[in-house]
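So the structure is just underneath, and the comments pick up after that.
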Amino acid sequence: MRHLLSAGDLDRDEATLILDTAAELAQVGDRAVKKLPTLRGRTVVNLFYEDSTRTRTSFELAAKRLSADVINFSAKGSSVSKGESLKDTALTLQAMGADGVVIRHSASGAAHRLAGWVDGSVLNAGDGTHEHPTQALLDAFTMRSRLGRLEGLRVAVVGDILHSRVARSNVLLLTTLGAHVTLVAPPTLLPVSVGTWPCEVSYDLDEVLPKTDVVMMLRVQAERMRDSFFPSVREYSRNYGLDGERLERMPSDAIVMHPGPMVRGMEISAEVADSPRCTVTEQVANGVSLRMAVLYLLLGGS
Amino acid sequence: MHARKQTKDDNGTAVSASSPEAPEGTRAVLDGNEINRALTRIAHEVLERTKGGQDVTLLGIPSRGAPLARRLARRIERVEELDVPTGSLDITMYRDDLRMAPARALGRTEIPAGGLDDRVVVLVDDVLFSGRTVRAALDALGDLGRPRAVQLAVLVDRGHRELPIRADYVGKNLPTSLRESVTVQLEETDGHDAVLLGPARASSTGTLRAGSRSLPETTEGDA
């Protein structure tokens, strides 16, 4: 494994190795010295063309806990805003000797292109509406630590599937790990090619919930929408939002996940967001351990 | 050596004392009984050196140091009726040869509930060779707490140190050549107890020097 570009590139053994490594590295957060010397002298560049707080800080903290030098490079306030192309930026980073590049870009496939231009490892931190593999890995990690297994788990991913790179990565990874995924969304928010994905599709949330162990709520990505995809926010929320009443209808040990940022009152009610069955903050904490595992496995060896 | 004698292991189950036939080209230097005796002696030595073992915490270095530490704890318990906090300390992230091989899977680190501050930590490993594993373990300990003292117990000391490190408790001193390999097999990990001496296993990368702990001569890195 040299790059992490797509959750679909991981086979079951590789994905399990990442999750097991993350489980060991989770202990580092509880220690007196929250740092390991493993990546001393290595340089990780965070190349963020899109706004992000959670993912960027998570990657930054993970790299720093492994003693790597971290350079944050965001499109605003850099030569990118002066018109530099992705390739020229990549070659600049290459010349500076970056061992790993974490990239987020609004164009699908950006991470893949970058991997062809630089010698170091490329980690996809979200490319357009394509993939976000570390998010899927941390979601799988959270499910495994909460419910003890992934094999045979029934997972429902609900909301704006069309614009969600999280949904695509999760479908690919969870299927590899033996879980069954059902996508739930209005027909307008499903990609055309969804029939070729290894999952089931439903338009009816109430029908899916009672037979679901994990429900993952996605934010409606209004910033990517140029058309009108549903009549009103109220109608969307009524049909596809998760409230206390709907949570009641799920199995008693079922959990609610959300990749963040949440829009309370839209896809998730405040009551559900604050319930102990909602794992949002846990996902953030697990994200650091998981990204440490990925950075170690990609950059730690020869 | 070929007579099979029934004996009891630490769990009280009957096990075959002599190891099965040593693989082609290797020679058993310690059998199950001899390993048990060495561990019993080390347990007594730990109690003696630490004046009753009140502050002792045992930390095994995975993979085979961890079961050895648990065996040692059971023996100390039997002698002094003393519950010794026992855990494991994975040193993978502290190795000095990480860049010479693909990234390795991590072993378990379990620090006993009381922590390590002001304890006498006894590190337990199967084979002491270059000393680099122990150097890594000392670095790891520094990030986990501040023990009052750190001691080292090993089942086999095969010599060829590359760092100023020595063991406080040694099961067996085994003079070896760099061309030989020492393999420790334990009931918990391999199904039976034995220490085997054999020719060096073929190394996949020719660049590995005697210095690196990923050397095939030790049992480390097999996991």
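Naming: A, B, ... by sequence-line order, numbering from 1 per chain.
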Inset, instruction - For a side chain to side chain donor-acceptor pair (under 3.5 Å) with Ser6(A), tell me which candidate from Glu131(A), His132(A), His130(A), His112(A) qualifies. - result: Glu131(A)

Legend entry - Region of Lys34(A) that comes under 4.5 Å of a non-hydrogen atom in chain B: neither

Legend entry - Donor-acceptor side-chain pairing of His192(B) and Gln185(B) below 3.5 angstrom: yes

Inset, instruction - Counting only heavy atoms closer than 4.5 Å, note whether Leu299(A) contacts chain B via side chain, backbone, both or neither. - result: neither

Legend entry - Side chain / backbone / both / neither for Leu17(A) at chain B, heavy atoms under 4.5 Å: side chain

Inset, instruction - May I ask you to establish whether Arg49(B) and Tyr169(B) are in a cation-pi arrangement, using a distance under 6.0 Å from NZ or CZ to the six-membered ring centre and at most 45° from the ring axis? - result: yes

Inset, instruction - Please determine, by modelled atom types, if Ser108(A) and Asp127(A) share a side-chain donor-acceptor pair under 3.5 angstrom. - result: no

